[in-house]
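To keep things clear, I will list the structure first and then write my remarks on it.
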Amino acid sequence: MQLFLPACLALSLGAGAFAQTVTVFAASSLTDVFTEVAAAFEGVTAGVEVVLNFASSSILSAQLLQGAPADLFASADEVQLERVAAAGLVAAEPRVFALNLLTVITPEGSDLADPVDLERPGTLVVLAAPEVPVGRYARELLIALEGSYGLGFAERVLSNLASEEPNARQTAAKVALGEADAAIVYRTDTTGLAGVRELPLPPGTSPVARYPIAPLNSGRSPKQATSFTDFLLSAQGQAILARHGFLAP
């Protein structure tokens, strides 16, 4: 398994570069888990190398719409994959392989104790940009929380917005680095993230993030793409996802 590399660099890698490859464009929130999934898949699939390209789903869909070739697109929501499908770039029906939930994080030692504290004047709140799946989900969560904290809660929190980040991981990193008082991220973003703690959400308020994957017409390894997807949905693949905090579809 290797990360996404330009073709000129791949040619310099020697004989290993000539292994049959399956190129996967994957949401940044999948970075750790797909790195492990890819290594496990290569371990049971002789002569196949997985090339991973991670970015926000909105950036990946834009790259695909601009003609970037890939075998698979694993998105953090169905909206971005539907954009690609609407352009005729998807070769088969998408399959949802994982679910995720949102959480509010704050630095350890913060005096924020409850999500309602996000509306406190002067609180530095960081969200992903609204076109990014986790940013859209975060805003849906704020609206859902109005049932607990009153009408206008979402607007009051957004008035404290200090920055909008390009993906889920960078949003979480802002809090881990002490550059923000709070952020709304995926629960899986907190796995192994030091220096943060979660604020408990009222039950049933978190949107459910659905992660679909689909093969692409631009892919050069359709059989390997199907095999990778099957592995992802297998007991072994689902066990890896579960260890990283993802829920079964």
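Donor-acceptor pairing under 3.5 Å is recorded for the side chains of Thr103 and Glu198. For the residue pair Asn167 / Gln170, a side-chain donor-acceptor distance below 3.5 Å is found, with atom types taken as modelled. A donor-acceptor pair shorter than 3.5 Å cannot be found between the side chains of Thr171 and Glu165.
Side-chain atoms of Asp114 never come within 3.5 Å of backbone atoms of Leu199 as a donor-acceptor pair (strictly under, hydrogens ignored). Using a distance-only test at 3.5 Å, with no hydrogens or angles considered, no donor-acceptor pair links the side chain of Thr123 to the main chain of Glu119. In this structure, Asn217 contributes its side chain and Gly88 its backbone to a donor-acceptor pair below 3.5 Å. Remark: side-chain polar atoms of Arg156 are paired, donor with acceptor, to backbone N or O of Leu151 under 3.5 angstrom. Remark: the backbone N or O of Glu42 is not paired with any side-chain donor or acceptor of Glu49 at under 3.5 angstrom. Remark: the backbone N or O of Ser110 is not paired with any side-chain donor or acceptor of Asp181 at under 3.5 angstrom. For the pair Gln80 (side chain) and Leu60 (backbone), a donor-acceptor distance under 3.5 Å is absent. Between the Ser221 side chain and the Thr21 main chain, a donor and an acceptor come within less than 3.5 Å of each other. Here the side chain of Asn160 pairs a donor or acceptor atom with the backbone of Arg120 at under 3.5 angstrom. In this structure, the side chain of Asp71 does not engage the main chain of Val24 through any donor-acceptor pair within 3.5 Å.
Summarising the local packing, CZ of Arg243 is surrounded by more than 12 heavy atoms from other residues, nucleotides or ligands at distances under 6.0 Å. Summarising the local packing, CZ of Arg187 is surrounded by 12 or fewer heavy atoms from other residues, nucleotides or ligands at distances under 6.0 Å.
Counting only heavy atoms from C-beta outward, the side chains of Phe41 and Ser234 never approach each other to under 4.5 Å. Side chains of Glu179 and Val126 form no contact here, defined as non-hydrogen atoms less than 4.5 Å apart. The shortest side-chain heavy-atom distance between Gln238 and Pro249 falls under the 4.5 Å cut-off. The shortest side-chain heavy-atom distance between Ile59 and Gln63 falls under the 4.5 Å cut-off. Under the 4.5 Å side-chain criterion, counting only non-hydrogen atoms from C-beta, Pro202 is in contact with Leu145.
Between Arg139 and Glu164 there is a salt bridge, since a side-chain N of the basic residue sits under 4.0 Å from a carboxylate O of the acidic one. Ion pair Arg95/Asp230 flagged as a salt bridge, since at least one NZ, NE, NH1 or NH2 atom sits closer than 4.0 Å to an Asp/Glu carboxylate oxygen.
Cluster membership for Leu233 and Phe246, using ILVMFWY side-chain heavy atoms within less than 4.5 angstrom, is shared. Residues Val125 and Leu102 are members of one and the same hydrophobic cluster, defined by side-chain heavy-atom contacts under 4.5 angstrom among Ile, Leu, Val, Met, Phe, Trp and Tyr. A single hydrophobic cluster is not seen to contain both Val175 and Val116; linkage of ILVMFWY side chains at heavy-atom distances under 4.5 Å, directly or through other members, places them apart. In the hydrophobic cluster analysis, where Ile, Leu, Val, Met, Phe, Trp and Tyr join through side-chain heavy atoms closer than 4.5 angstrom, Leu124 is grouped apart from Leu193. No path of Ile, Leu, Val, Met, Phe, Trp and Tyr side chains, each step under 4.5 Å between heavy atoms, connects Val185 with Phe54, placing them in separate hydrophobic clusters.
Nearest heavy atoms, Arg169 versus Ser28: CD-O, 3.0 Å. The two residues Ser57 and Phe73 come nearest to each other via the heavy atoms O-CZ, 3.8 Å.
Residue Val208 is found in a hydrophobic cluster whose other members, listed by chain and number, are Val96, Leu99, Leu101, Leu247; membership requires side-chain heavy atoms under 4.5 Å apart, directly or through intermediates.
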Quick one, Leu52 with Leu30, criterion side chain to side chain contact (heavy atoms under 4.5 Å, CB included). Give me CA distance, side-chain angles, the key distance, then yes/no. CA-CA 10 Å; Leu52 298 169; Leu30 296 168; over 6 Å; no
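Rounded to the nearest 0.5 angstrom, Leu72 CG and Phe228 CZ are separated by 7.0 Å. Between Leu112 atom CG and Thr106 atom OG1 the span is 4.0 Å, to the nearest 0.5 Å.
Listed by first and then second residue, the ring pair (Phe, Tyr, Trp, His ring centres under 6.0 Å) pairs that reach into residues 144-174 are Tyr149-Phe153, sequence neighbours excluded.
Residues Phe34 and Phe97 place their aromatic rings such that the two centres sit under 6.0 Å apart.
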